[in-house]
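Everything below concerns the one structure shown next.
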Amino acid sequence: MPELPEVETIRRQLAPLVESRALLEVAILDERWSRPLHPRELEEALRGRTVERLGRRGKYLLWGFSGDIHLAQHLRMTGSVLVDPDGEPPYTRVRMRFGARRGAGAAGQRRQVSLVVTDPRRFGTGELLVGGDALERFLDERLGLEPFDEGFTSAYLREIVRGRTAPIKAVLLDQRRVAGVGNIYADEALHRAGIHPLRPAGKLTGAQLERLREGIVGALAAGIDARGASIDDFRHVDGVRGSFQDEFRVHLRAGESCGVCGGPIVKIVAAGRGTYVCERCQRPPRQARRTR
DNA sequence: AGGTCGGCCTGGCAGC
DNA sequence: TGCTGCCAGGCCGACC
C-alpha cells in the first residue's frame, strides 16, 4: 500500500517523463475515481493542459497543470501508476496520453508517453482543484507536517500528542498530524524508537518523542532509499518492485525473531490495524492485550 | 471533542 | 473440488 516512500518513488520516476508535456488524452474508466465530478467533467478540465510540475504531499501525488489547475491523486490501498505498459493492464481505471516534451530535441523526448492508473480495489481517487489557493486549502485541511520538514521536531510531536489518550500508533496514522505515515512505516518507526504501539500518546516522555522522531524519519528515508515496499500490488512506473519489504524489522514478521534483541515478533491489533511488535524492545503498557 | 467503529471494495485464502 | 465468508486497510462519516 503506497505510503510516503512509495508515492515519492513514483513521483521521482514519473516527473521527468511527464513534466513539460501536454496531456493530449485522458480517459477515466471508473466513475468512482473522479467523484463527486463525473469523469467527463474531469477529463474536459484536464485535456490539453501541460504538466508544469509533479509534486507530492503526504501520500498525495500532486499534478500541477497549466492554468492554475491541480489534480490531487491518491492511490489508497492498491493503486499503481504504469508508464507505457504492454497492452491494457488488468484493473486499469485511468488512461493518459502525453505529447512530445516542449522544446525537446532528443528523440526520446519527442516520443509520446502513455500512462495508466491500475487499482484492483478501486479506493483510489483524483480530485480536481481549480485556481489560486484551492490546492493549499485542500492540503492544509487534511495534512499535518511532512516528516522531512524542518519543523518536524520532538517539540512538534509533543504538541500533537498533548492530552491524547489514544495509542501512539493511532496518532502516527492520523494524516492531519503526521503526513505520509501508514501502517507499514508506523510499525517500523515505533520499533526503531523502542516504543510500544499501544502506549498512550500523551504519556510519552521527551526522550521517547525524540527517538520517535528519529524512528519516523529513519524508516521513511530507508523506504525511499529502497524505492518503496512491494507487498502485493505496489509497482514502480516500469512495473519493477521496490525492495523495502526485505528490510522490514517487524512488519509482517510475526513468529520471526527481532534483529535487535532476538526476542519474538508478535502480531497485535492497534488502532484497528494489524500491528507487529517486539515486546522485548517495545515494552507494552500494563493493560495491553494481545490478540492471536 | 476525542476516540472508536463501520463502510467502501475486491483478491486471496481458511475452513468446511 | 467448490463454495462461503472473512480479512486486509486509508480515509471518511457516524456515533458515543
Side-chain angles (χ1 to χ4, degrees), chain A residues 1-8 10 28-37 56-62 72-81 89-94 117-127 129 137-144 146-147 159-190 197-204 216 220 223 228-235 245 248 250-255 267-277 285 287-289 291-292:
Chain A
M1 44 249 48
E3 305 181 24
L4 188 156
E6 287 74 30
V7 180
E8 178 61 18
I10 291 171
I28 296 160
L29 311 179
D30 177 6
E31 83 287 345
R32 299 185 54 89
W33 195 80
S34 56
R35 273 200 322 206
L37 293 189
R56 179 198 57 78
R57 182 86 162 78
K59 302 175 196 172
Y60 285 95
L61 193 58
L62 302 175
Q73 180 184 359
H74 202 304
L75 298 167
R76 290 297 203 281
M77 306 287 304
T78 55
S80 285
V81 178
Y91 313 116
T92 293
R93 308 299 179 197
V94 181
V117 177
T118 64
D119 190 355
R121 276 179 230 182
R122 301 170 64 208
F123 282 1
T125 54
E127 194 144 343
L129 297 159
R137 277 191 286 113
F138 175 86
L139 296 174
D140 285 351
E141 261 168 37
R142 288 168 176 74
L143 300 179
E146 289 284 314
E159 199 180 301
I160 64 174
V161 302
R162 179 166 293 135
R164 303 285 306 276
T165 58
I168 183 59
K169 180 158 178 179
V171 176
L172 295 186
L173 294 178
D174 183 348
Q175 302 301 300
R176 284 163 305 177
R177 300 176 199 271
V178 181
V181 173
N183 202 35
I184 295 170
Y185 293 91
D187 281 0
E188 294 296 305
L190 286 164
L198 292 176
R199 289 250 160 218
K203 294 212 170 142
L204 296 178
I216 294 167
L220 292 173
S230 293
I231 294 173
D232 37 26
D233 296 285
F234 173 71
R235 293 293 183 276
Q245 66 280 2
F248 288 170
V250 287
H251 192 73
L252 297 182
R253 298 192 51 190
K267 183 182 185 185
I268 64 172
V269 174
R273 298 282 173 270
T275 298
Y276 299 84
V277 58
Q287 70 291 36
R289 220 187 266 155
T291 60
R292 246 176 295 200

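In this entry the distance linking CG of A:Asp119 with P of B:dT10 reads 10 Å, nearest Å. In this structure, A:Arg121 atom CZ and C:dC7 atom C1' are separated by 9 Å, rounded to whole Å. Regarding A:Asp187, its CG atom lies at a distance of 12 Å from the C1' atom of C:dG9, rounded to whole Å. A:Lys203 has its NZ atom 18 Å from the P atom of B:dG2, to the nearest Å. A:Ile268 places its CD1 atom 13 Å from the P atom of C:dA8, with the value rounded to the nearest Å. What separates CZ of A:Arg164 from C1' of B:dG3 is a distance of 8 Å, to the nearest Å.
Ionic pairing of A:Asp174 and A:Arg177 is present here: one or more N-O contacts between side-chain nitrogen and carboxylate oxygen are shorter than 4.0 angstrom. Salt bridge A:Arg273/A:Asp187: absent, no basic N to carboxylate O contact under 4.0 Å.
Under the side chain to side chain contact (heavy atoms under 4.5 Å, CB included) criterion, A:Ser80 pairs with A:Thr118, A:Arg235, not counting sequence neighbours. Every side chain to side chain contact (heavy atoms under 4.5 Å, CB included) that A:Leu252 has, sequence neighbours left out, goes to A:Ile231, A:Phe248, A:Tyr276.
Between A:Thr165 and B:dG3, a side-chain N or O to OP1/OP2 separation shorter than 4.0 Å is present. OP1 and OP2 of B:dT4 both lie 4.0 Å or more from every side-chain N or O belonging to A:Lys169. Of the side-chain N and O atoms in A:Arg122, none sit less than 4.0 angstrom from OP1 or OP2 of B:dC8.
In plain terms, the two heavy atoms of A:Pro197 and A:Pro167 that are nearest each other are O-CB, 3.3 Å.
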With B for base contact, S for sugar-phosphate-only contact and - for none (protein heavy atoms under 4.0 Å), nucleotides 10-16 of chain C reads BBS----
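Counting non-hydrogen atoms under 4.0 angstrom, A:Gly274 reaches the backbone sugars and phosphates but no base.
Rounded to the nearest 0.5 Å, atoms CD (A:Glu146) and CD (A:Glu8) are 9.0 Å apart.
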